[in-house]
Amino acid sequence: MRDDVTPEPGVSAPRRRQFLTCTGALGAAALLPPALTACSAGPQSTNDTGGGGSGKDRTLTAVIGYGNDGSWDPTQTASAFCMAANNHIYEGLLDTDPITRVPYPALGTEVPKDPNATTWRFTLRSGATFHDGKPVTADDVVFVFDRILDPKTQTLAKGFFASWLDRVRKVDARTVELVLKFPFPDGLSRLTLAKIMPQHVFSKPGAWDDAIKGLAVGSGPYRQTAHHPKSNTAFEAYAGYNGPRPPAFKRMNWLTIVDAAPRVAKISGSDAGAQIADNIPYANIARLEQSGLKVAGGAGMNNLFLMFNTRHKPFDDVRVRQALHYAIDTEKMVRVALKGHGRPASSFLNEGNPAYRRARTVYDYDPDKAEALLKAAGVSDLNVEILAVNVSWIVDCLPTIKASWDAVGVHTTLAPQETTAVFTKMDQKQDYQVVAAASNPNQFGLDADLIMHYNYGPQNLWMQYTRWADDPVARQLFKDMDRATREPDPQKKKAMIQDYIDVVAEQAVLYPVVHNELMTAWDPRKLTGIRAQPYPGINLLQAKWA
């Protein structure tokens, strides 16, 4: 299964199909099925290590539990594999630490001293070049931001920038200015989501489609050397890189192995073919640790959510949506399906988020309340089909939902299927009742404004799926969200966000059931500097051979 892709708000369905081929959404997030072709010829073999080698020159082999056949266009993608890879290939003006998400200078030489200014000036790193050897210039920066802010071009990145960034202008060949609509300090960490791409490559006819299929030319420490969709992507240290995160591995080969058993096998035993793997099943943790591997997790926004079709009665009634949440034995779900690596949701945000506050409405297990709400709504003998993505841990959670709903008289049918199939139905506006899927907006950042606008908004893709955007409660919610974005006082802004999250919790249109940990395993005898992420993928920019 593919939980590597989170749908993109504001991205048209035809464009989205070009990158939803792989949670995240959906995992993740992320971002229908196009015919993707390899960017380089050759056998599509997960044994293709890109050169082998020995000692410090040997190839690092990683196993990624998500597909590499999503969009590679940095302005569009929410694919876990592709976003993680692009963080090694491309740079923003600023990039962020993968755990703390604190921004640091990347192509820009310094972080602006005044985060509250309405103009940020950046000087580009002297000698920075793209992987084809051509210099990075201010024109390349303007090129990327013009695409992101273009009202005629729908990109995922637009939703992260258009509300607060007015324009980007060239000062000279190595200097640009970002002009903001109002002070927005959170924008500094978002700059990592605007990867700088060479204008001379991506302004050519058809180049954006090539980017979706896997063409990647950046200025980062690693350059892409081979790309085989559904198999592997290979990288090589870029000799011309002169930035803050120099490459520690001469070559890397990232294998895409979506099925859990072969993914775990690839990192296990004396003949292990990889040194690191993400998306480790909870049931395998003890055995991997016994074999000498380090297994660590990160608790963040990763969640199982329910999404209701509010145009399909009786799910237009908030009492029915609430009842189905109250009916779920979430503690059992955490104990049985997640092996203790999760928590029942007590807000849209996970408890570790800086803006977290326990929501006014929390769906603690209460079957009696569920039955009372259904009765008050005049609903009996309800038959529900749960359209679910077949992410392994989501599938593990589904029996608890079915048993819980059956227990309150809701006759429940489970229909797990490929992520692409689920969201093709959404894009085609097919009828459905309830979707169960996974999401992790943390791959874009930690700030609550970003997370909530990613999921809720009048033009938001998720809201198109729920058919809820025209509801009077929704229209007021969106106004409250935009007011919070513009609020300059950090504490007032935080309180405003927490208040409108209370509305989101009460309405339960698209809402998490549980937040869970994502597990990464690696061989500490071979690698150092690894930090497990609370979102899909890996980051090796500060790792090295042991």
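These figures come from a predicted structure and were not determined experimentally. Along the sequence shown, residues are numbered consecutively beginning with 1. Just so it is clear, the values below take in all heavy atoms, side chains as well, and ignore hydrogens, waters and symmetry mates.
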Output every pair passing ring-ring contact (aromatic ring centres under 6.0 Å, His included) with a member in residues 364-386, not counting sequence neighbours, ordered by first then second residue. none
Can a side-chain donor-acceptor contact be found between [Y] and [X] if the only test is distance below 3.5 angstrom?
| X | Y | result |
| --- | --- | --- |
| Lys425 | Gln417 | yes |
| Gln476 | Asp480 | yes |
| Asp431 | Asn309 | yes |
| Thr75 | Asp73 | yes |
| Thr310 | Asp316 | no |
| Asp406 | His411 | no |
| Asn68 | Thr233 | yes |
| Asp449 | Thr485 | yes |

So does Asp482 pair up with Lys479, basic N to acidic O under 4.0 Å? no
Are Asp502 and Arg357 close enough for a salt bridge, meaning some N to O gap below 4.0 Å? yes
How far apart are the C-alpha atoms of Arg360 and Asp499, what are their side-chain angles, what is the distance that settles it, and do they pass the salt bridge (charged side-chain N to carboxylate O under 4.0 Å, His left out) test? CA-CA 9 Å; Arg360 188 172 57 224; Asp499 287 346; over 6 Å; no
Aromatic centroids of [Y] and [X] separated by under 6.0 Å:
| X | Y | result |
| --- | --- | --- |
| Trp254 | His88 | yes |
| Trp462 | Tyr456 | no |
| Tyr66 | Phe81 | no |
| Phe423 | Tyr465 | yes |

Should the heavy atoms of other residues, nucleotides or ligands under 6.0 Å from NZ of Lys494 be counted, would the total exceed 12? yes
Expected output: side-chain [X] to main-chain [Y] donor-acceptor under 3.5 Å:
| X | Y | answer |
| --- | --- | --- |
| Ser404 | Thr400 | yes |
| Arg475 | Asp470 | yes |
| Gln433 | Glu385 | yes |

Taking side chain as C-beta onward, heavy atoms only, is Leu324 less than 4.5 Å from Ile401? no
Quick one: do Asp95 and Lys195 satisfy salt bridge (charged side-chain N to carboxylate O under 4.0 Å, His left out)? Show the steps, please. CA-CA 9 Å; Asp95 282 325; Lys195 299 302 187 188; 3.0 Å; yes
Go through the steps for Asn303 and Val514 under the test side-chain contact (heavy atoms from CB on, under 4.5 Å), then give the verdict. CA-CA 6 Å; Asn303 67 86; Val514 291; over 6 Å; no
Residues two or more places apart in sequence or in another chain: which of them pass side chain to side chain contact (heavy atoms under 4.5 Å, CB included) with Glu487? Asp489, Lys492, Lys493, Met496
